[in-house]
Amino acid sequence: MTSMGSSTRICAGWVPKVGNKIHLSARQGGKETDLANQDNTPAAENGASEQESLHHLIETRLEKMTELGKQVTLYPYAYERTHTSTELRATEEALTAAEEKVRFPGRIMAKRGTGKTLFVPIQDEWGKIQAYFRKDDLGEDKFHQIQKLIDIGDWIGVEGTLFRTRTDELSIKVEDFTFLSKAIRPLPEKFHEMSLENKSRRRHLDLAMNLDSRERFKLRSRIISDIREFFVQEEFLEVETPVLQPLYGGATARPFTTHHNALDMTLYMRIADELYLKRLIVGGLEKVYEIAKDFRNEGMDRTHNPEFTMLECYAAYWDYHGMMDLTERMLRRLALRFGQDGKLTYGGLEMDFNQPFARIRFMDALAEKTGQDLMAMDTEKLTGLAKGFGVVIKKGMGRDKILDELFSELVEPELVQPTFVMDHPKELSPLAKAHRETEGLVERFELFIAGFEVANSFSELNDPREQRLRFEDQKALMEAGDDEAQPIDEEFLQAMEQGMPPTGGMGMGIDRLVMLLVDTNNIRDVLLFPHMRPEQTDSGNSTEGGTS
RNA sequence: GCGCCACUAGCUCAAUUGGCAGAGCAACUGACUCUUAAUCAGUAGGUUCGGGGUUCGAUUCCCUGGUGGCGUACCA
């Protein structure tokens, strides 16, 4: 094994086993030597011709790499670029007129040969530029390199002058080129969409093959930057609070649990930032916000990922009206910057953010839908009413929970235009302040757009006595078996007892917001690396499979 | 979680009433000095997701496990 050439050592050493059980061999003088048997590969993987085809493709490329390595540096350290593809297109005229030499690096996306010439689209982050190679210009060896030894998927830098082909394709007439890196695995096929699974699982391939996917993620990045800019403008302070928390809170959800070895203690991944941000308000920071990953140990689907990005902001002296205004300013700004004239299209629905957002009361909306005043109804009557509307009511649901179900069923789907829904029932909002006028309600709003919830906000509860009672209610729920109820956070209560000013707070799911702005209904389209189940069990089979 | 459906070459997909598994792209060999889904001629590539069962014979039928899609429940 040690006597083998460099390519074989490379292949045994670092060809990843991810997903595919490739067993590697190197061909020596036409004879196959099985490397897998000599490596520490588990014996189970030594099936005769497993993954033969892919294996063969990789082997071929490794052989070419060995050959190429005799002529050029395989992994050079840097490349000096003169222009990006965008810049080449923008300054084409001047560059062509001056016959200026350009240096352009990127990935080879195709090869179209006609004997002694070769057309090679090279792709950088922004797009493709075609490179034109002529044997007469490059000489025998160099042309052999690009024609035979360099593959689709490899990275090269080309140097030459710009021109237009007969078919009017902007191209670089290559005078010299530099090999930059090898792809020993083939790129996916070029003119069919990859499956959603493959795109999500192998994002590097999705990004390499689909420029629209690149654009979508770049848009996400710009949206988040813009939100930061907005908060700077609004004079909020960006802060960072702990991901690992001794107690979780600020939302109703099951947490991920982890363990700190040195302290020998259980820690939780945060489900919300809320309780820490409020401590900062207690401390005297008047306007704070955080854009952060939260973690919730719950189901996954088209709109849920176990880790997701949440915006939370708090402002001292504000109530939920102030937060409503802030939220409206922010979304109008986003719609103006990322939509068309302040309008967005989502799933064929058009939403106009130029007009003042509708503001409706939770109970009013329900009254309108049902034709009855639900405030006066007891649980039993409500259950009957809900069933009448086809809403499934489970045993043990409280009055407010039933109202919430009714609302989700009857009202939410119709809230297409940006709409603030205000003044919710109390039970579902343990951190919100009681409504200043109406008994049994809290000062809260949710913003709905295109039928789903985008933001949630309260006049924050700041009376520590009331907060303690609410926590105790939660504790009772927890003891009754509700594993989403919040535990009592004594340290947070202590902070509040120190005196918390009137405060408005708002939380917004950033992934949902981005989905709205890029018009997709799948969260995987806006997460670079959505959570996926492992593709294959490594040892594959008999021990776990088969027996029930 | 639960229900329904899917899984075939590196990628995207065909086909088999249960009887030698097929195409395009990618790869390889050759031809071609303006191609752009380049073209033309040829070659190679498969434990049909894993395990078990029924059968003379299973990729196809049955059971079971895995992964995915859609729906549903909880939630942002």
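The model shown is predicted, which means the values in this text are computed figures rather than measured ones. Letters A, B, ... mirror the listed sequences (proteins, then strands); counts begin at 1.
- In this model, the phosphate group of B:rA38 is approached by a side-chain N or O of A:R112 to a distance below 4.0 Å at OP1 or OP2.
- Look at A:K148 and you'll find a side-chain N or O under 4.0 angstrom from OP1 or OP2 of B:rG30.
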ring-ring contact (aromatic ring centres under 6.0 Å, His included) assessment of A:F230 paired with A:Y289: CA-CA 11 Å; A:F230 170 77; A:Y289 81 102; 9.2 Å; no
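- Residue contacts shown for A:T60 are limited to sugar-phosphate atoms, with no base heavy atom under 4.0 Å away.
- Looking at the side chain of A:T114, the nearest of the listed nucleotides B:rA27, B:rA38, B:rU12 is B:rA38.
- Taking atom C1' on both B:rU59 and B:rA21, the two are 8 Å apart, rounded to the nearest angstrom.
- In this structure, A:R202 atom CZ and B:rC11 atom C1' are separated by 10 Å, rounded to whole Å.
- B:rC62 and B:rA58 are spaced 16 Å apart, taking the P atom of each and rounding to whole Å.
- Of the side-chain N and O atoms in A:K190, none sit less than 4.0 angstrom from OP1 or OP2 of B:rC11.
- Within the 4.0 angstrom heavy-atom criterion, only backbone atoms of the sugar-phosphate kind lie near A:E405; the bases stay farther away.
- A:H56 places its NE2 atom 8 Å from the P atom of B:rG45, with the value rounded to the nearest Å.
- Ranking B:rC11, B:rC74, B:rA76 by closeness to the A:I523 side chain, first place goes to B:rA76.
- Ion pairing between a basic and an acidic side chain is recognised when a charged N comes within 4.0 Å of a carboxylate O; A:R512 and A:E453 show no such pairing.
- A:N305 comes within 4.0 angstrom of a nucleotide base, judged by non-hydrogen atoms across all strands.
- In this structure, A:F308 counts as stacked on the base of B:rA76 under the 5.5 Å centre distance and 30° plane angle limits.
- Residues A:D273 and A:T241 bring no donor and acceptor atom of their side chains to less than 3.5 Å of each other.
- Of the P atoms belonging to B:rA41 and B:rG18, the separation is 36 Å, rounded to the nearest Å.
- Rounded to whole Å, the P atom of B:rU48 lies 12 Å from the corresponding atom of B:rU8.
- Nucleotides B:rG51 and B:rA14 have their C1' atoms positioned 27 Å apart, rounded to a whole Å.
- Across all strands, A:F452 comes closer than 4.0 Å to no nucleic acid atom at all (heavy-atom distances).
- In this structure, A:K116 atom NZ and B:rA38 atom P are separated by 21 Å, rounded to whole Å.
- For the side chain to side chain contact (heavy atoms under 4.5 Å, CB included) test with A:S457, the passing option among A:M506, A:M422, A:R444 is A:M506; the others fail.
- Helical stems involving RNA chain B, defined as 3 or more consecutive Watson-Crick or G-U pairs under 3.5 Å, span B:1-7 with B:66-72, B:10-13 with B:22-25, B:27-31 with B:39-43, B:49-53 with B:61-65.
- Taking 4.0 Å as the cut-off between side-chain N and carboxylate O, A:D137 and A:K142 do not count as a salt-bridged pair.
- Among the atoms of the strands shown, base atoms are found under 4.0 Å from some heavy atom of A:Q130.
- Going from the C1' atom of B:rG50 to that of B:rG66 covers 7 Å, rounded to whole Å.
- Residue contacts for A:F163: at a heavy-atom cut-off of 4.0 Å it reaches a base atom on one of the strands shown.
- No salt bridge links A:K199 with A:D525; every basic N to acidic carboxylate O contact stays at or beyond 4.0 Å.
- A:G115 comes within 4.0 angstrom of a nucleotide base, judged by non-hydrogen atoms across all strands.
- Take A:N305 and apply the side chain to side chain donor-acceptor pair (under 3.5 Å) test, not counting sequence neighbours, and it matches no residue.
- For A:S200, the side chain to side chain donor-acceptor pair (under 3.5 Å) test picks out no residue, with sequence neighbours left out.
- The phosphate of B:rG69 (OP1 or OP2) has a side-chain N or O of A:R524 nearer than 4.0 angstrom.
- Nucleotides B:rC49 and B:rC32 are separated by 43 Å at their C1' atoms, to the nearest Å.
- Residue A:R533 has a polar side-chain atom (N or O) positioned under 4.0 Å from OP1 or OP2 of B:rU67.
- Partners of A:K116 under the side chain to side chain donor-acceptor pair (under 3.5 Å) rule, at least two apart in sequence or in another chain, do not exist in this structure.
- Across B:rG65 and B:rU29, the matching C1' atoms stand 44 Å from one another, rounded to whole Å.
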Pairs under 3.5 angstrom, nitrogen or oxygen only, protein versus nucleotides 70-72 of chain B, please.
residue, atom, partner, partner atom, Å
B:rG71, OP1, A:R302, NH1, 3.3
B:rG71, OP2, A:R302, NH1, 2.8

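- Using a 4.0 Å heavy-atom distance criterion, A:E453 is classed as a sugar-phosphate-only contact.
- Computed from coordinates, the A:M209 CE to B:rC11 C1' distance equals 9 Å when rounded to whole Å.
- The ring of A:Y320 has its center no closer than 6.0 angstrom to the ring center of A:F420.
- In this model, the phosphate group of B:rG10 is not approached by any side-chain N or O of A:N198 to a distance below 4.0 Å at OP1 or OP2.
- Applying the 4.0 Å criterion to OP1 and OP2 of B:rU12, one finds that A:S195 has a side-chain N or O inside that range.
- Between A:R201 and B:rG68 there is a side-chain polar atom (N or O) within less than 4.0 angstrom of OP1 or OP2.
- With sequence neighbours excluded, the residues forming a side chain to side chain donor-acceptor pair (under 3.5 Å) with A:D301 are A:T303, A:H304, listed by chain and number.
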